[in-house]
Each structure stands twice: as C-alpha cells, then as structure tokens.
Protein chains: 2
Amino acid sequence: MRATKARLVISKASKGTFELNQDAARVTTIVPTRQATRSDELRDHLEEMILDGRLAPGERLDEMELSRRFGLSRTPVREAIKSLLAIGLIETRGRQGTHVALLSIPAIIEMFDVMASLEGLCAKLAARRATPSERAAMRAVHEDLVKAYEGGDPVAFYKVNQQFHDLLYEAAHTHFIAEQAIQLRRRIGAYRLRATYQPGRMLGTLTEHVRIMDAIDAGDPDAAQKAASDHVQLLGDQLTDFISSLPPRMSGAQ
Amino acid sequence: MRATKARLVISKASKGTFELNQDAARVTTIVPTRQATRSDELRDHLEEMILDGRLAPGERLDEMELSRRFGLSRTPVREAIKSLLAIGLIETRGRQGTHVALLSIPAIIEMFDVMASLEGLCAKLAARRATPSERAAMRAVHEDLVKAYEGGDPVAFYKVNQQFHDLLYEAAHTHFIAEQAIQLRRRIGAYRLRATYQPGRMLGTLTEHVRIMDAIDAGDPDAAQKAASDHVQLLGDQLTDFISSLPPRMSGAQ
DNA sequence: CGCGTAAATGGCGTATGCAAAAAAGACAAA
DNA sequence: TTTGTCTTTTTTGCATACGCCATTTACGCG
C-alpha cells in the first residue's frame, strides 16, 4: 500500500495548519501546530466514536480491523490505541484485545465529583479574572442556549452548553485546570449526553447558568464556585439516578 | 538485533504475574494482569527519570538515542512516548522532537489547586466511609511521620508522608479520584519534594494531618474536606513562594 | 559582505514482516 | 459427560526498511 492509494481523510481538518495568535494589534505570532499525523487523526476519530456512542462501552477495538477500515497499517493504529489507553478511555484485557472502557456507576459518580470541583475552581477564578468581553460572550452563548431550549433540540442544546463551559474555562484564564476538565468531560461525555434528555434538565441548566454568570458578574468567587459546582453535581445526580434505573444490560456500565 | 541480545531489565518486575483478588472467603477471581511489554517498561522508566530529575524539564527525548540506550527498536520507544504525551508529561514542539514538559509557575499553582480539591474530596469521603482499621492505620503511619520528623530526615519524611496520603485515598474507598490524585502527584512530585525542605513545613504537615484525622474520626465530612484541602494548599503556597524566589534559571519552570 | 535559494542531512511517520504468546478448538481418555 | 492435553489460529509485540518533511548548511548572486 503506497501513498498513491486513496487516503481516508478521517476527521476535521482543523489541524495541520497554522494558528494565528493575535495578541495585540501589532504582534502576530505564528504558532506552528504540528500537522496531524494519521495516528493523531485516528485517535481523535476513535475518541469521537466512543463519545457519541458509535463505539459502545465494552466494545472491542481490533487492530487489524481498524487498519483495514481506515486504510492504514497497524503502526499508527497501535499508537492511537496507546494514547487512548493512557487517558483511560480504553483498556486492555489480557490478550483479548483492547476494549472501550466500562465505567462502573461508582466511578461515574466520582467523575462527576471531580468535574464539579474543577468547574467550581474555574468559576471561582473566572469571578476574579473574567474580562468584560468574556462575560459578554457567556451571556451571548447563554442566549443561544435559551434558543436551543425553546427550539426543543437536545443535541443543539448539548453542543451550545459545551460552548458555554468552554467559555467559562477561558474566562478563568487557566491552562491546566481547563485541560483537565475537558479531558474529563470527554471521558464522561457519552453519559453526559444522555443526561440532557432528562426531563427538566435543560431548564435546570439554564437557571443554574444564570446563577453562575450572576456570581461571576458580581465578582463573588465563592458564590461562583458553589454555583458551578452545584450545577455539575445536579447533572451528575440526575444522570446516575437515570442510569441506576435502567436494567444493567442497557446501562452501558458494569 | 535479535532477541538473543542482552535485554535491559528496566524496572521493577512487579508485573507479568497474576493478581489474586480474594473478595469473600469463597470467591477468588483471578485477574490476569498483562505482562509488561518493553514499551510499558520504558514508559515507566522514563516517567521515573522525569520525576526524579534525571530528565530535566525541557530536555529532549530522541527516539533513536533511546533505542540505542535501552537496546530496543524505535517502535516500543515511540509507543512509550505516545503514552507519556497523552498524560502530558512530555510534549512535542513542532518537528523538533519531543521534550520533557516545561511547567510554568501558574500551571504549578493550578496543579496544587486541583490537588487540593482531590485531597479534599478524598477526606470528605473518608470521613464517611473509613473503617476503624483504616483510621488506626492512618494514626500509625502518622506516628512514623512524627518519628521521621524527630529524626530530621526529609527524604524519609517525604516517603512516609506519601504513605499517609495513600492511606487517605484508601480510606475514601474511591477508585477514580485516588487514581487522579496519584497521577497528579506524580506530575508535581519533583516540585513537591523540594517543598519538604521548606522551614516549618514538616511541622506544619504534622499538625495539619492531625486536623484531618480528627475530622475524619469525628465523622465530619466538611471539616475533613477543608482540612485536607487547606493542607495541600498550604504546601502549594509555600512551594510556589519558594520557586518564585529562585532565579529563573534554577527554577526548572519557564 | 549579506541574502536568497538549493542541496544535503537528520529525524519522524508509516508500512511490513516475523516471532512469540495466549486463546480457542479438537481429540482422546477417564 | 467431563476433563486434560495438544494443535491450530489469532493477535499482539518488536524489528527493520523506506519515504517524506523540515531544518540546516553551503554556494552563488546581488
């Protein structure tokens, strides 16, 4: 198989380019983002598949099958798998191949605990550090979220909601914490999406977001921390209630 | 280079065996732990080298050099690197190879913030869940810690202190949170050791530990959470003060 | 003497082949 | 029927080879 063979373009082409980092009006630094390798693309693609449920928890990831399916050799496949292994999204069971990680319900609860802490930290910092434009951006996205709610589109709601939280991380001006939060969000993303469908959750989200934004605007770090933490905790509670109510076979959790 | 060539046994031989998981008196599940591959060994070894400073922040990791040095081909080296990349211990700068991650001071501060949250969560859970024997074990290790303090041995103190925190995680009966805490502790471990040498830190640690244990014994989750969180936060504050006081060249942080 | 362009070199990403180990299956014996 | 062992097959782990890209260096031209 040579380079002439049709190469599958796996995911978004947002990589392999340059990011223009316009700090001030004058300086324009060019940060060369490493162009995505096939291994990177596959990793992102697999991650996406896991998160949106195309790869169910427990499902097997066969190296050769993936090679065939995506038209590359086993080497990049193995490297992608190694990455996902290190994050904890997948796990190896002896010699029986690698499988999408199964999350126990206690583990999910713990994850939401941690997530709540992280979001709380971000909100606390945002209350101290957010610029006026960042606050405005959050309000603006919140308007979008209201629209998505009124439109009754859970998927759009889920996406816009994610934007809101991204803005929160940005407003906190953190690097490590935001990174951890995003990584954790990925791990529980598959479950989190389901929570959106819970009755009353979308409306609850809206009011909770307002509470967070108000605290940030008021410059009250403690209130912001509590508001954000509670927000995530409520989500987690509702989700775990939901999962617990399902028959074990359907829950996707062992 | 064939298998006959002398193979470097890199690290602890704790893997490649079976773990007996005796749940009750009757059931004995056997969890086959995958035997450590060369890639895994190298990953652990590199991680150790990074943490104890043999690989300095910013130092380059050359694939071929590592292959030569450890007597294996580039493939397992690359896989080990991929794993460390995913964790964030190393990073790739453009096309110039991979380097040990440089931690900025703000990043270190954030890490201690997160660490404080995680420890707080564990303490909170421990206050609710710790068994009498677990509480007793913490007291016992604390006695060792006092002895290490009286003996004036910072390295021993550091190690026993780590034991204490491990016991805290255990008493919390968590899996995910403890895992996260340990992983994070590894990332800031190199800096944390230095904090032990700060004047008054060892004594402070002792009194703070007592506060944590008292809260746990009293069954007061909130007090335990705050005590543990404050404990880590104090450590972090003192450490960042110390690092900030160093000339930039010596700090190991950019 | 400086700058731009082209060749060279070093390193990285990917493909492929081989060997070993473990799981699965078949067959025989108790 | 069940169990134990041997064989087969599947799959993983590692080594090696090759092509490409980027950086660097050297040479020529202005």
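Chain A is the first sequence line, chain B the second, and so forth, proteins listed ahead of strands; every chain is numbered from 1.
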Asks: State whether the side chain of B:E59 and the backbone N or O of B:A56 hold a donor-acceptor pair below 3.5 Å, judged by distance alone.
Replies: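 Yes, B:E59 side chain to B:A56 backbone: donor-acceptor pair under 3.5 Å.
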Asks: Of the nucleotides C:dT16, D:dT16, C:dC12, which has the atom closest to the B:D62 side chain?
Replies: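 Comparing C:dT16, D:dT16, C:dC12 against the side chain of B:D62, the answer is C:dC12.
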Asks: Do the side-chain N or O atoms of A:S73 get closer than 4.0 angstrom to the phosphate oxygens (OP1, OP2) of C:dA15?
Replies: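 Answer is yes, contact under 4.0 Å.
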Asks: Please determine whether a side-chain nitrogen or oxygen atom of A:R74 lies at a distance below 4.0 Å from atom OP1 or OP2 of C:dG13.
Replies: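 Negative; the distance criterion is not met.
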Asks: With the side chain of A:S39 defined as its heavy atoms from C-beta on, choose the nearest nucleotide among C:dC12, D:dG13, C:dT14.
Replies: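 So the nucleotide nearest the side chain must be C:dT14.
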Asks: Would you kindly say whether A:D113 and A:Q233 are connected by a side-chain donor-acceptor distance under 3.5 Å?
Replies: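 The answer is yes; a qualifying pair exists.
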Asks: Please compare A:T98 and A:T75 by the position of their nearest nucleotide in DNA chain D and report the one closer to 5'.
Replies: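 That would be A:T98.
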Asks: Measure from the side-chain N and O atoms of B:E110 to the backbone N and O of A:H175, and report whether any donor-acceptor pair falls under 3.5 Å.
Replies: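 Such a contact is found between B:E110 side chain and A:H175 backbone.
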Asks: Between D:dT12 atom C1' and A:H99 atom NE2, what is the distance in whole Å?
Replies: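 After rounding, the gap between these two atoms is 13 Å.
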Asks: Using atom CG of B:L42 as one end and atom C1' of D:dG13 as the other, report the distance to the nearest whole Å.
Replies: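 Distance, rounded to whole Å: 14 Å.
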Asks: Just N and O in the side chain of A:R78: are any of them under 4.0 Å from OP1 or OP2 of D:dT12?
Replies: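 No, because none of the side-chain N or O atoms of A:R78 sits under 4.0 Å from OP1 or OP2 of D:dT12.
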Asks: Just how far, in rounded Å, is P of D:dT16 from CD of B:E63?
Replies: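 B:E63 atom CD is separated from D:dT16 atom P by 15 Å.
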Asks: Calculate the interatomic distance between B:R60 atom CZ and C:dG10 atom C1'; express it in whole Å.
Replies: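 Roughly 9 Å, once rounded to whole Å.
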Asks: Please give, in whole Å, the distance from D:dG13 P to A:L85 CG?
Replies: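 Going from A:L85 (CG) to D:dG13 (P), I get 9 Å.
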Asks: Write down the distance between CG (A:D40) and C1' (C:dG13), rounded to a whole number of angstrom.
Replies: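 Roughly 10 Å, once rounded to whole Å.
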Asks: I'd like to know if the side chain of B:T98 reaches the main chain of B:L61, judged simply by a donor and an acceptor atom lying under 3.5 Å from each other, with no hydrogens or angles considered.
Replies: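 It does hold such a pair.
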Asks: For A:P76 and B:M64, find the nucleotide of DNA chain C closest to each by heavy atoms; which residue's nucleotide sits nearer the 5' end?
Replies: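 Looking at the nearest nucleotide for each, B:M64 comes out on the 5' side.
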Asks: Take the protein atom CZ of B:F70 and the nucleotide atom P of D:dA15, then report the distance between them rounded to whole Å.
Replies: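 For the pair B:F70 CZ and D:dA15 P, the rounded distance is 14 Å.
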Asks: Would you check if there is a donor-acceptor pair between the side chains of A:Y169 and A:E119 at a distance under 3.5 Å?
Replies: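 Judged by distance alone, the side chains do pair up.
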Asks: Rounded to the Å, how far apart are B:R38 CZ and C:dA19 P?
Replies: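 Rounded to whole Å, this separation is 15 Å.
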